[in-house]
Protein chains: 2
Amino acid sequence: MSPTTETLTAERILEATEEVLRRHGPAKATVVDVARALGVSHGSVYRHFRTKAALRAAVTKRWLDRMFETLDVITADESRAPETRLRDWLAALFEAKRRKAGDDPELFATYMVLTRESSEVVDEHLADLTGQLTRIIEAGVASGDFAALDPRTVAVAVFHATGRFHDPGYSRLWERPGAREDFTALVDLLLRGLRAPAA
Amino acid sequence: MSPTTETLTAERILEATEEVLRRHGPAKATVVDVARALGVSHGSVYRHFRTKAALRAAVTKRWLDRMFETLDVITADESRAPETRLRDWLAALFEAKRRKAGDDPELFATYMVLTRESSEVVDEHLADLTGQLTRIIEAGVASGDFAALDPRTVAVAVFHATGRFHDPGYSRLWERPGAREDFTALVDLLLRGLRAPAA
DNA sequence: CAGCTGACAGATTTCAACATCTGTCAGCTG
DNA sequence: CAGCTGACAGATGTTGAAATCTGTCAGCTG
């Protein structure tokens, strides 16, 4: 590694910040640490990000965007039945959050800090996710698989209903024994509610 | 008031503790404060409650039991349709928690402390509530209004699904503009899922 | 002269001495 | 002698001074 040879870009700063966060956690990670990791003065970091909060938000945004991409693959696969897509989408969301919480506890903690600050980045992420849900439900309404309810309203309701399995505040419950069964039971009930009355 | 004339009972200690908690909040309230309020030494309080945590738990239990009683009236009213009872029960739960969070912020904060400690008192409370839900759903299954699903499983699913509207972790969202509509949309969806397919 | 540096003011965090609290218990009191 | 007291040890919380951090900016450098 030759950190001082390349020009300092926002991208390189984000990379370094993620590393520092992973090592120290959101409570201990400082802008000075990030600058040290890059071999520059902390003033240079402030040239690319106006505040520490903005830097933290940018790291989290990247991290959430990667999750969004994963789920978008399921959302966009119009070859499969809406019901299957919805099931898979919810399961993938649960699984993704669960893995993040386990594999990257410090970055996950950063995300939780942002959630509590009710940051714009998290609000956007949640809007993006309900947007994907809305698309799947629209497809189901169009195909006649789902009842003719307002897709956006139902999407929000489904998202709220499954909060226990994607909201970071519940992360400590995700590794408990019955979690998977509870999740399935809940999704089954929601799908019963979504399905159109017998053809 | 003549606090030193009556004998010291668990009940009187709980009363005083509730008052101290209301005034100082869970972070500042001490056993010494409670003893002072009663005009006794703190050693006497330990005669009735083995630890501070036990005292806090007992106060919260009383508080939660009152909520349980309120909801039990709805649960037990077998003259009304299961669907109506379920709607009213969920609305009453939401309303009760919302009022507690607003009117008694310090006692509510105490309850949140216990929730985070995942205390036995809270676990019991949650079990009691899902028990009530189970009874209502059993009634609905028996009357043919609800589909023949396992009542306990469905009760747990409904309880999890509505967490956003009764879990203290979400209390800061309960006074937001759209909360009531979001709640109604969610309950509507759940009831669609519960209803038996057309007679 | 664009981009970086490093000194700086004010905000925040750390740390250690000090104060208060929790939980126990021997002995006092009614 | 049942029930209460108050002194006590160890745990926890408070406080304020010192250290560190955030965010700015005048000036250096390639």
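Residue numbering restarts at 1 for every chain, and letters A, B, ... go by the order of the sequence lines.
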J.: If pairing requires Watson-Crick or G-U wobble contacts with both distances under 3.5 Å, which nucleotide is the partner of D/dA11?
T.: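 Answer to the pairing question: C/dT20, which forms a Watson-Crick or G-U pair with D/dA11.
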J.: D/dC25 pairs with which nucleotide, Watson-Crick or G-U wobble, both distances below 3.5 Å?
T.: C/dG6
J.: Could you tell me the separation between the OH atom of B/Tyr46 and the P atom of D/dC8, rounded to a whole number of Å?
T.: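 In whole Å, D/dC8 P lies 18 Å from B/Tyr46 OH.
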J.: Please give, in whole Å, the distance from D/dC21 C1' to A/Arg36 CZ?
T.: 11 Å
J.: Would you kindly give the CZ-to-C1' distance between A/Phe49 and D/dT22, to the nearest whole Å?
T.: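 Rounded to the whole Å, the gap is 16 Å.
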J.: Does CD in B/Glu19 sit with more than 12 non-hydrogen atoms of other residues, nucleotides or ligands closer than 6.0 Å?
T.: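 Check passes, neighbour count above 12.
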J.: State yes or no: are the ring centers of A/His160 and B/Phe183 separated by less than 6.0 Å?
T.: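 A/His160 vs B/Phe183: aromatic centres not under 6.0 Å.
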J.: Rounded off to whole Å, could you give me the NE2-to-P distance for the A/His24 and C/dT14 pair?
T.: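 Interatomic distance, NE2 of A/His24 to P of C/dT14: 13 Å.
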J.: Just compare D/dT22, D/dT5, C/dT5 and give me whichever is closest to any side-chain atom of B/Ser44.
T.: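 My answer, after comparing the listed nucleotides, is D/dT5.
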J.: If you check the A/Ser41 side chain, which of D/dT5, D/dT22, C/dT5 turns out closest?
T.: C/dT5
J.: When you get a sec, tell me which of C/dT22, D/dG23, C/dG6 is the closest nucleotide to the side chain of B/Thr30?
T.: C/dT22
J.: So which nucleotide from D/dC4, C/dC4, D/dT22 ends up closest to the side chain of A/Arg47?
T.: C/dC4
J.: Could you say whether A/His48 or A/Ala27 is positioned toward the 5' end of DNA chain C, judged by the nucleotide with the nearest heavy atom to each?
T.: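 The answer here is A/His48.
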J.: Classify the side chain of A/His42 and the base of D/dG23 as holding, or not holding, a donor-acceptor pair under 3.5 Å.
T.: yes
J.: Taking 4.0 angstrom as the limit, do B/Arg195 and B/Asp145 come out as a salt bridge?
T.: no
J.: Between A/Asp33 and A/Gly43, which has a closest nucleotide on DNA chain D that is more 5'?
T.: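 Nearest-nucleotide comparison on DNA chain D picks A/Asp33.
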J.: Which nucleotide in the set C/dC4, C/dT14, C/dT22 lies at the smallest distance from any side-chain heavy atom of A/Leu8?
T.: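 Within the option list, the nearest is C/dC4.
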J.: Could you identify the nucleotide paired to C/dG30, looking across every strand shown and requiring Watson-Crick or G-U wobble geometry with both distances under 3.5 Å?
T.: D/dC1
J.: Figure out the CG/P separation between B/Leu55 and C/dG23, and round it to whole Å.
T.: 10 Å
J.: I'd like to know if B/Asp182 pairs up with B/Arg176 as an ion pair, taking the criterion as any Lys NZ or Arg NE/NH1/NH2 lying under 4.0 Å from an Asp or Glu carboxylate oxygen.
T.: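 Looking at B/Asp182 and B/Arg176, the cut-off is not met.
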J.: Between A/Arg66, A/Arg12, A/Lys61, which is the residue that forms a salt bridge (Lys or Arg N to Asp or Glu O under 4.0 Å) with A/Glu18?
T.: A/Arg66
J.: NZ of A/Lys52 versus P of D/dT20: gap in Å, rounded?
T.: 15 Å
J.: What's B/Val32 touching, base or sugar-phosphate or nothing? Going by heavy atoms closer than 4.0 Å.
T.: base
J.: Choose from C/dT5, D/dT5, D/dT22 the nucleotide whose nearest atom is closest to any side-chain atom of B/Val40.
T.: D/dT5
J.: Searching all strands shown, indicate the nucleotide that pairs with D/dG16 (Watson-Crick or G-U wobble; both distances under 3.5 Å).
T.: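 WC or wobble partner is C/dC15.
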J.: Can you check the B/Arg50 CZ to C/dC25 C1' distance for me, whole Å?
T.: 16 Å
J.: Reckon A/Lys28 has a side-chain N or O less than 4.0 Å from the OP1 or OP2 of C/dT14?
T.: yes
J.: Quick check, are the ring centers of A/Tyr111 and A/Trp63 under 6.0 angstrom apart?
T.: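 Yes, ring centres under 6.0 Å apart.
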